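To start, the structure under review is shown below, and the notes come after it.
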Amino acid sequence: MTIDLAAVGANYRTIRAHAAPARVAAVVKADAYGLGVGPVAKALVRAGCRDFFVADLTEASDLRGRLGGDCDIYVLNGLWAGSEAAAAAAGLTPVLNSLAQLDRWAGLGRAVGRALPAVLQLDTGMSRLGLEPVDVAALVRSPGRLDGLDMRYLMSHMACADVGDDAVNARQRAQFESLAAQLPPWPRSLANSAAALTDQLARGDLVRSGLAIYGAVPGPGLRPVVGLSARVIQVRTVTPGTGVGYGLTYQARRTEHIATVGVGYADGWPRALSNRGAAYLGEVRLPIVGQVSMDSMMIDATELGDRLQAGDAVELIGPNQTLAQAAALADTIPYELLTRLGRRYARSYRQDADAAIVGACA
Ligand SMILES: *Cc1c(COP(=O)(O)O)cnc(C)c1O
């Protein structure tokens, strides 16, 4: 697995130029979508990023240890009851998704006599996380509940930005506006990558970008980040009718060269690509034949004659098969494919030019 940190930094700067004057935060939850949060976050710091979103306290504490003190780290899922003191000690900024989360964080702020940084999330029609209109009304009735908080952003999340449903985006923006109008004039954060790239009205003051930074959203000037290749373990020639793989779901139609490649579903390579996906050698498409196994899969390399040998590498994600194409073939989304890769591969990072320079909060 190759991870191009120069492309990570370049993509961050591209999105920032596109979203200006909004700030751009990097979403590095789930180990930076499976790419390795340490190297990725440091490359982002070198590219000028100072705002990072993760999912939970465990990820946030880990990231704080890697970045030092100067960056803002936001916790998307908020805090479990009882973990507030640890979050405050680590200098984290929780996203407050409910009045209960808000009251506990504000209570700690009042107890320590210091306004604690926070983001307040509103649910504007996704039914996932955030205050509902009735909660906003309750807050408006007792604004003292905000004492002890240093509210950095009012936030929401779009349900349909990545599928480009403008009507839903517009409805969510309108709901956001009407709730925001009842609250103090805090800066706003509404857009993920897709919304930032396609819906100018959603940009607000802080964009939260993940997938575009990782090069998996088609967009002007965005570069691919991830490459994946695997090596051939063994090659055999089979006669017509010979079965291949578990369940013998494939039978050779002619005399075929079958190559066994050392990657399988335990590596995050989808089993859904059985008899469906492909690997590439250069531009030659080598169809996956039979079921993808746990640690290996077979490809039909007949077209290459004897040119594919044990030890050779074939491309799984790269110039001939993008992450998005592989995900689509597997009936999934780039997010899922990306976050499942990486646990088991040797990761090779291509460094950005500034890698030797210590970033401001690295
Ligand atoms: C994961 C996440 C993002 C990042 O979305 P991308 O589509 O990867 O840019 C932004 N905001 C929230 C609330 C998220 O959960």
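What you see is a predicted model; the values in this text were computed from it and never measured. Whatever order the structure lists ligands and atoms in, that order sets their numbers, starting from 1.
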N-O pairing of Asp62 and Arg64 below 4.0 Å: no
Any salt bridge (charged side-chain N to carboxylate O under 4.0 Å, His left out) involving residues 23-35? Give me the pairs, sequence neighbours left out, ordered by first then second residue. Arg23-Asp51, Asp31-Arg347
Could you name each residue pair satisfying side chain to side chain donor-acceptor pair (under 3.5 Å) that touches residues 203-213, not counting sequence neighbours? His157-Arg208, Ser189-Arg208, Ser193-Ser209
Should the pair Tyr74 and Phe53 be assigned to parallel (<30°), tilted (30 to 60°) or perpendicular (>60°) ring geometry? parallel
If you look only at pairs with a residue in residues 98-122, which of them pass as a salt bridge (charged side-chain N to carboxylate O under 4.0 Å, His left out), with sequence neighbours excluded? Glu84-Arg104, Asp103-Arg145
Say whether, by atom type as modelled, one donor and one acceptor occur between the side chain of Glu59 and the main chain of Ala55 under 3.5 angstrom. yes
In chain-and-number order, ligand 1 lies under 4.0 Å from a heavy atom of each of Val27, Lys29, Tyr33, Leu76, Arg128, Met155, His157, Asn192, Ser193, Arg208, Ser209, Gly210, Leu211, Tyr335
